[in-house]
Amino acid sequence: MASCRTRGTRSAGWRHYTDLPRVAAFLASLADDDRRLYAAIDASLSQLDATLPARLARSSREQAMDAARADFGAAATRLASDAVRARDLRLLRAAATAPCLSAPLQLGLLAPPWLRWRELAPAEAARALAASLDATRAGRAHALAQRVCREVSVRRGRARGGARRVAALAAAGEAALGGEEVRRLRRGEAVVLEPRWLRAEQLRVAEAELRAHVRRAGRPSDSSCNAGARSCALPLLGEGYELSECTRELLRRLCGVPALVEQHGWPRPLCVPPLLQLATYAGGAHYTKHLDSNEWEQANWREITILLYLNDGWDAARHGGCLRVYPPEGGQARDVEPISGRLVLFQSRHVPHEVLPCTQGAERLAVTLWVEYAEEQ
Ligand SMILES: O=C(O)CCC(=O)C(=O)O
Ligand SMILES: [Fe+2]
């Protein structure tokens with residue numbers, strides 16, 4: 001590094017940094033800034049975490065989540081504007097064009113990846129920084145929503161209002177499934193349904209919106225079990241997910257299904273977390289054989305997995321992507337095509353399943369609701 005010298009010719013900022021050690025020190029101080037920024041974000045999240053239980057005790061979970069989001073949004077906005085103010089982006093841009101610095105910069109060694117504004121003009125760089133902070137904030141908001149949902153789940157046994165809410169949602173579920181299906185579910189079978197209340201037009205609208213949502217907010221899986229899958233959590237409370245009323249209604253109906261299961265008799269009380277998972281599988285992605293809940297896992301209360309597929313025109317012969325379900329006691333596996341409007345239910349702890357590879361060019365979308373069991377009082 002010592003033999004690598006920068007030359008100050010291209011811009012005013014560049015000229016200030018003809019001395020490489022100073023550039024390196026300057027960039028190192030920026031990396032420190034970033035660490036401070038993230039530390040500050042973490043601190044504000046911890047503070048929210050600490051206040052969450054008291055909030056939940058005082059208000060409904062909708063109000064608690066909205067308040068937590070608003071607090072976090074305000075804290076993140078403050079942090080972002082401080083960060084933008086504290087930086088001279090013109091200087092940063094100049095430093096980044098030094099050949100001996102650009103490689104470590106690109107590798108994220110001198111600054112986190114969201115500072116890759118190398119090719120950008122200062123105004124664009126500022127916008128890029130603000131956008132990446134927004135993305136950070138959105139990611140954190142998801143994490144926060146999940147924490148709220150988890151808190152609610154932990155307290156679920158004590159929240160009697162929950163049952164009424166589920167019952168209200170179930171009214172929309174109509175005769176999605178009857179006693180015979182629930183008996184099969186109890187015996188450990190996978191139940192496959194195409195309920196009439198999932199109308200074709202509504203499915204198409206929901207499919208387009210939810211696919212766009214995964215594209216925006218989804219994260220690639222970091223597990224080798226389902227490499228290539230992209231997923232995101234979709235909290236059902238609060239606003240800000242830009243879903244139409246049409247899609248929201250469909251999701252409400254989906255959340256009504258567990259109440260029908262209870263109505264026909266389930267051995268223990270169920271609880272519906274206000275959270276769905278959206279996942280896409282494209283270009284060879286698959287999910288190896290697994291259970292959705294295992295004895296050795298802590299804090300996994302999944303009881304019934306409910307899948308809704310939204311894949312207009314899906315043809316398993318061409319696109320692959322079937323769900324393969326195995327009987328808990330062994331025997332012949334069954335392949336289920338992920339066609340639009342199809343619901344699949346099975347017991348999360350007992351039914352092994354896998355997603356078979358999807359072919360190139362096909363993108364398979366599934367919405368998952370993991371129904372939990374409620375603690376006995
Ligand atoms: O999408 C599917 O059909 C199943 C996905 C799955 O098994 C999971 O997310 O745990
Ligand atoms: Fe699964």
Side-chain angles (χ1 to χ4, degrees), residues 142 146 149 185 188-195 198 203 206-207 210-211 213-215 217-236 250-251 254-255 257-258 272-273 275-297 299-317 319-328 333-359 362-373:
H142 267 296
Q146 278 174 305
C149 292
L185 190 61
E189 286 177 38
V191 171
V192 181
L193 302 163
E194 276 119 53
L198 289 169
L203 289 167
E207 175 173 348
L210 297 177
R211 276 187 195 282
H213 190 72
V214 184
R215 244 167 254 142
R219 314 254 157 94
S221 158
D222 53 10
S223 157
S224 59
C225 303
N226 60 346
R230 254 183 110 73
S231 68
C232 59
L234 184 67
L236 295 171
L250 180 135
L251 298 178
L254 178 64
C255 294
V257 173
V272 184
L275 192 72
L276 295 170
Q277 177 194 261
L278 305 178
T280 55
Y281 292 72
H286 63 290
Y287 199 154
T288 54
K289 187 175 172 185
H290 65 281
L291 290 171
D292 285 349
S293 177
N294 298 280
E295 293 302 332
W296 45 266
E297 280 177 298
N300 183 341
W301 296 282
R302 290 172 185 169
E303 177 91 345
I304 301 171
T305 299
I306 303 183
L307 291 155
L308 166 64
Y309 295 116
L310 293 171
N311 300 299
D312 199 19
W314 194 269
D315 172 10
H319 303 129
C322 279
L323 172 74
R324 179 164 290 172
V325 280
Y326 297 83
R334 168 183 184 194
D335 287 351
V336 182
E337 272 195 78
I339 59 172
S340 261
R342 176 166 276 176
L343 282 183
V344 182
L345 294 85
F346 53 82
Q347 291 195 39
S348 312
R349 270 168 304 128
H350 300 305
V351 179
H353 56 283
E354 67 182 302
V355 178
L356 300 179
C358 300
T359 53
E363 191 190 61
R364 173 193 192 274
L365 172 65
V367 183
T368 310
L369 170 62
W370 279 294
V371 183
E372 300 183 345
Y373 62 86

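As the structure lists them, so they are numbered: ligands from 1, and atoms in each ligand from 1. As the structure is a computational prediction, the values presented were derived from the model and not from experiment.
Distances from ligand 1 to the non-hydrogen atoms of Phe346 include no value under 4.0 Å. Contact between Leu307 and ligand 1 is present, with at least one heavy atom of the residue lying under 4.0 Å from the ligand.
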Between Tyr326 and His353, is a ring pair (Phe, Tyr, Trp, His ring centres under 6.0 Å) present by the stated rule, with each step listed?
CA-CA 6 Å; Tyr326 297 83; His353 56 283; 9.0 Å; no

Test log, rule side chain to side chain donor-acceptor pair (under 3.5 Å), inputs Tyr309 and Glu337
CA-CA 9 Å; Tyr309 295 116; Glu337 272 195 78; over 6 Å; no

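Here the two rings, on Tyr281 and His286, have centers that are 6.0 Å apart or farther.
Minimum interatomic distance between Gly321 and Arg364 (heavy atoms only, all atoms of both residues): O-NE, 2.6 Å.
Close approach of ligand 1 to Leu323 (heavy-atom distance below 4.0 Å) involves ligand atoms 3 (O), 4 (C). Counting atoms of ligand 1 from 1 in the listed order, those under 4.0 Å from a heavy atom of Ala366 are 1 (O).
Among all protein heavy atoms, the one lying closest to atom 1 (O) of ligand 1 is Arg364 NH1, 2.8 Å. At the shortest separation from atom 8 (C) of ligand 1 among protein heavy atoms lies Tyr287 CE1, 3.6 Å. Residue, atom and distance of the protein heavy atom nearest to atom 3 (O) of ligand 1 are Tyr309 OH, 2.5 Å. Annotation: atom 9 (O) of ligand 1 to nearest protein heavy atom, Gln277 NE2, 3.6 Å. Here the heavy atom of the protein found nearest to atom 4 (C) of ligand 1 is Val355 CG2, 3.6 Å.
For Glu194 and Arg342, the salt-bridge test passes: some basic side-chain N is under 4.0 Å from an acidic carboxylate O. A salt bridge does not link Glu189 with Arg334: none of the charged nitrogens is closer than 4.0 Å to a carboxylate oxygen.
Side chain to side chain, Asn311 and Ser340 fail the donor-acceptor criterion of an N or O pair below 3.5 Å.
If you look at Thr305 next to ligand 1, there are no close heavy atoms at all, none under 4.0 Å. No part of Glu354 comes within 4.0 Å of ligand 1, judged by heavy-atom distances.
The option with the heavy atom closest to atom 10 (O) of ligand 1, from among Val344, Val325, Asp292, is Asp292.
At least one N or O atom of His290 sits closer than 3.5 Å to an N or O atom of ligand 1.
In Asp292, the N, O or S atom that comes nearest to the Fe ion (ligand 2) is OD1.
Side chain of Arg230 to main chain of Leu278: no donor-acceptor pair is present (N/O by atom type, distance under 3.5 Å, no hydrogens or angles). Of the possible polar contacts, none joining the Glu363 side chain to the Thr280 backbone as a donor-acceptor pair under 3.5 Å is found.
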